[in-house]
Amino acid sequence: ACDPSTTFDYVIVGGGTAGLVLANRLSANPATTVAVIEAGDLAYSNPNVTYVPKSIAEFALGLGTSVEWGYTTEPQRYTANGNVTLPYWAGKGVGGTTLVNGMTYVRAEKRQIDAWEDLGNEGWNWETMKEYYVEQENFSRPSEQQEANGATYDESAHEYEGELDVGFTPYLTGQGAFDVLRQTHEAKGYAWNKDVNTGSMHGFNVWPMTLNVSTLMREDAARAFYYPIAKERPNLHVFLNTTASHILWKDSDGGSEKTTSGVEVVRSDGTIRTLQATREVILSAGSIRSPALLELSGIGNPSVLKPLGIETIVPLPSVGSNLQDQPANGIIYSSSTNWTGYATFASFLTASDLFGASLPSIIASIASNLTSYAHAILSDFAPNSTTLAIQEQLLRHQLDLVFAPTSTVPLAEILWVPTGNLIVAQFWNLLPFSKGSIHINSTNPLSQPSINPNFLQLPIDTLVQAAIAVHIRELFATPPLAEYVTDEVTPGFAVVLQDATYTDEAWIKWVKGSFNGNSHPVTTCGMMARELGGVVDAEGRVYGTRNVRVVDASVFPTQISGHLSASVYALSGKIADAILKNEGREQVEDVHVAPPHVGCGERSS
Ligand SMILES: Cc1cc2nc3c(=O)[nH]c(=O)nc-3n(C[C@H](O)[C@H](O)[C@H](O)COP(=O)(O)OP(=O)(O)OC[C@H]3O[C@@H](n4cnc5c(N)ncnc54)[C@H](O)[C@@H]3O)c2cc1C
């Protein structure tokens with residue numbers, strides 16, 4: 001039976017960062033019906049969401065509340081004691097992880113987006129992504145006072161009439177902090193970067209945030225892409241507090257590719273319902289839940305599905321594997337100044353900055369270890385997820401891209417946070433080689449999948465983290481910054497001797513004993529050539545299916561040096577256009593070849 005209230009052209013699972021861009025674009029045509037299924041609720045006037053922090057103590061107030069899933073990782077084998085579990089954050093509600101994130105708006109490095117094309121993704125390069133970064137943005141120019149505190153920008157890198165509000169925090173730390181940090185970086189040979197969002201990220205910069213500078217509210221995905229259109233589009237329906245359980249398949253579709261008919265969902269009262277999709281089902285449930293939903297629907301690695309009694313519908317062995325996330329540590333100094341405000345200062349450094357004259361020997365060492373790295377990755381994956389040759393090829397690609405002596409791709413990020421009588425340098429290896437996985441461990445769609453980022457699996461990643469730490473110490477010892485600090489609080493010279501080098505055991509031990517995860521998971525449904533272990537093609541279509549896509553951070557072919565949301569929005573905008581283009585093509589074919597298709601409660605033309 002065809003019930004218009006449960007039948008839509010497109011069913012999007014996940015009303016988050018990617019899902020709401022898609023919903024917005026696909027429902028622009030009033031004749032197209034779109035359903036969004038969201039496990040959480042609206043957070044329109046939730047103060048934990050809307051609040052713009054005045055100091056780091058107020059960072060992301062929604063974490064640990066109802067707008068956050070509250071995941072934890074599997075025990076992390078490569079930590080100091082080998083069994084630490086870490087909190088793993090993800091947003092829940094209309095707006096997704098942008099309800100709880102740090103609001104940093106930083107795109108990516110040009111060369112690393114260009115490299116997505118090398119992995120079998122035709123048309124994915126900086127120029128094509130840039131169109132969407134720019135088109136979506138509603139950039140607010142900084143005030144004179146903000147400029148004096150370091151908030152600068154390149155006019156040509158931005159758009160001023162898009163939907164996504166971006167601007168500098170009105171609480172930006174003053175007290176000369178910008179000049180102190182800038183001069184210190186320049187003294188060490190790291191240039192000041194006037195705008196981190198031009199595709200050239202290198203150096204020291206002040207980053208903008210996803211916020212509305214007039215209303216002083218967080219700009220989450222719903223404020224940008226859903227609330228402004230919600231009332232005027234009866235063809236767009238959001239199912240709140242509704243969790244998708246699995247994709248439904250048509251029995252026979254006359255082809256080798258599987259065709260979906262919709263999605264089964266569970267409402268918060270436990271009732272089960274079906275939403276039909278006449279065109280496509282699009283998973284935008286994020287890097288944790290999109291691979292889980294594929295597995296619950298029979299798409300994945302048979303060695304994961306079979307023990308759970310799930311029939312393999314499409315064998316795609318790398319679903320859930322290739323997880324890449326970043327370990328983060330913090331170095332803290334005491335300061336004689338009492339710092340106030342919210343700091344948005346960051347430095348992005350390359351492998352050549354970190355390793356200097358030792359870079360050739362580091363490259364040689366990584367190159368000679370590639371096979372053993374690939375073995376280590378393979379041994380932590382589910383059986384037959386990938387092959388040694390594929391993992392070696394992917395590692396080689398990363399090595400060439402990131403460690404080449406002339407590479408511009410940032411490997412390290414350092415956030416500088418002067419706060420109270422402290423200056424904190426929070427830092428992470430942006431592009432670790434280690435790989436983890438996310439898989440279901442139960443057929444219950446409501447239970448948390450096993451999340452294993454495998455932080456610091458490969459020793460090179462710990463070494464990079466230690467090399468960043470050494471650089472931070474050098475920066476703290478360089479004037480003028482040196483004049484503003486009194487002592488090292490963390491780790492402290494008693495724990496790691498002042499002159500310890502990055503290979504020193506004390507650094508390695510401290511990094512492994514004190515890191516946290518960044519909750520920046522990507523590549524669990526990687527967009528890559530199928531031969532490389534890709535899960536989706538260059539338009540987000542799941543291999544082996546006719547009308548199922550994944551569109552969210554899980555399809556990033558690689559980790560990036562930017563913060564993820566800007567690139568998730570842009571990626572989603574680009575795939576939405578591909579879907580619409582395809583739709584246009586099909587409609588032309590309908591007119592010429594087939595009788596006009598009038599479905600259930602949707603297209604009438
Ligand atoms: C603590 C934290 C800080 C961060 N800071 C920044 C930052 O400062 N700047 C930045 O750019 N990026 C940041 N990020 C990363 C960035 O916000 C995310 O990577 C990005 O928003 C993810 O977008 P997505 O579309 O892939 O998933 P999400 O935005 O997470 O959307 C997925 C949606 O799907 C829903 N869902 C999941 N499963 C189901 C299901 N079965 N049925 C129905 N709905 C479901 C979820 O509830 C969610 O709403 C941060 C992330 C975290 C966790």
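Read the numbers this way: they start at 1 and go in the same order the structure lists the ligands and their atoms.
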Taking only heavy atoms of [X], which atoms of ligand 1 are found under 4.0 Å from at least one of them?
{"X": "Ala244", "value": "40 (C), 41 (N), 42 (N), 43 (C)"}
{"X": "Gly286", "value": "26 (O), 27 (O), 32 (C)"}
{"X": "Leu293", "value": "41 (N)"}
{"X": "Val568", "value": "23 (O), 25 (O)"}
{"X": "Gly93", "value": "47 (O), 49 (O)"}
{"X": "Ser519", "value": "51 (C), 52 (C), 53 (C)"}
{"X": "Ala18", "value": "25 (O)"}
{"X": "Arg289", "value": "37 (C), 38 (N)"}

Verify the distance criterion only: is there a donor paired with an acceptor across the side chains of [X] and [Y] at less than 3.5 Å?
{"X": "Thr50", "Y": "Arg218", "value": "no"}
{"X": "Ser554", "Y": "Asp552", "value": "yes"}
{"X": "Arg267", "Y": "Thr242", "value": "yes"}

Shortest protein heavy-atom distance from [atom], along with the residue and atom involved:
{"atom": "atom 39 (C) of ligand 1", "value": "Ala285 CB, 4.0 Å"}
{"atom": "atom 44 (N) of ligand 1", "value": "Ala39 N, 3.1 Å"}
{"atom": "atom 50 (C) of ligand 1", "value": "Asn101 CB, 3.4 Å"}
{"atom": "atom 21 (O) of ligand 1", "value": "Thr17 OG1, 2.7 Å"}
{"atom": "atom 49 (O) of ligand 1", "value": "Glu38 OE1, 2.7 Å"}
{"atom": "atom 1 (C) of ligand 1", "value": "Trp89 CE3, 3.7 Å"}
{"atom": "atom 31 (O) of ligand 1", "value": "Gly16 CA, 3.4 Å"}
{"atom": "atom 34 (O) of ligand 1", "value": "Gly14 CA, 3.3 Å"}

pair Val52-Tyr342: side-chain heavy atoms closer than 4.5 Å: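 Heavy-atom side-chain distance check fails, nothing below 4.5 Å.
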Beyond-backbone contact of Thr344 with Met209, side-chain heavy atoms, under 4.5 angstrom: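 Of all side-chain heavy-atom pairs linking Met209 with Thr344, at least one is under 4.5 Å.
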Test salt bridge (Lys or Arg N to Asp or Glu O under 4.0 Å) applied to Glu280 and Arg549, step by step: CA-CA 8 Å; Glu280 295 192 10; Arg549 286 182 217 249; 2.7 Å; yes
Side chain, backbone, both or neither: the part of Ile288 lying under 4.0 Å from ligand 1 by heavy atom: neither
Residue part near ligand 1, for Tyr105, under 4.0 Å between non-hydrogen atoms: neither
When you measure from the heavy atoms of [X] to every atom of ligand 1, does any distance fall below 4.0 Å?
{"X": "Val265", "answer": "no"}
{"X": "Tyr88", "answer": "no"}
{"X": "Gly91", "answer": "yes"}
{"X": "Ser284", "answer": "yes"}

Lys258 vs Glu311, salt bridge (Lys or Arg N to Asp or Glu O under 4.0 Å): CA-CA, chis, key distance, verdict: CA-CA 14 Å; Lys258 294 302 295 179; Glu311 182 198 349; over 6 Å; no
NZ or CZ of Arg289 within 45° of Trp69 ring axis and under 6.0 Å: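 Judged by the rule, Arg289 and Trp69 form a cation-pi pair.
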Examine [X] together with [Y] and report whether their ring centres are nearer than 6.0 Å.
{"X": "Tyr133", "Y": "Trp126", "answer": "yes"}
{"X": "Trp428", "Y": "Phe515", "answer": "no"}
{"X": "Phe168", "Y": "Tyr153", "answer": "no"}

Presence of salt bridge, Glu539 and Arg541, under 4.0 angstrom: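 Counted as a salt bridge, because a side-chain N and a carboxylate O are separated by less than 4.0 Å.
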Nearest-option assignment for atom 7 (C) of ligand 1, heavy atoms, candidates Leu63, Thr104, Ile37, Leu22: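 Residue with the shortest heavy-atom distance to the ligand atom: Thr104.
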Selection from Gly19, Gly62, Ser245, Ala553 by shortest heavy-atom distance to atom 26 (O) of ligand 1: Ala553
Atom OH of Tyr44: over 12 foreign heavy atoms under 6.0 Å: no
Counterpart residues, side chain to side chain donor-acceptor pair (under 3.5 Å), relative to Asn429 (two or more places apart): none
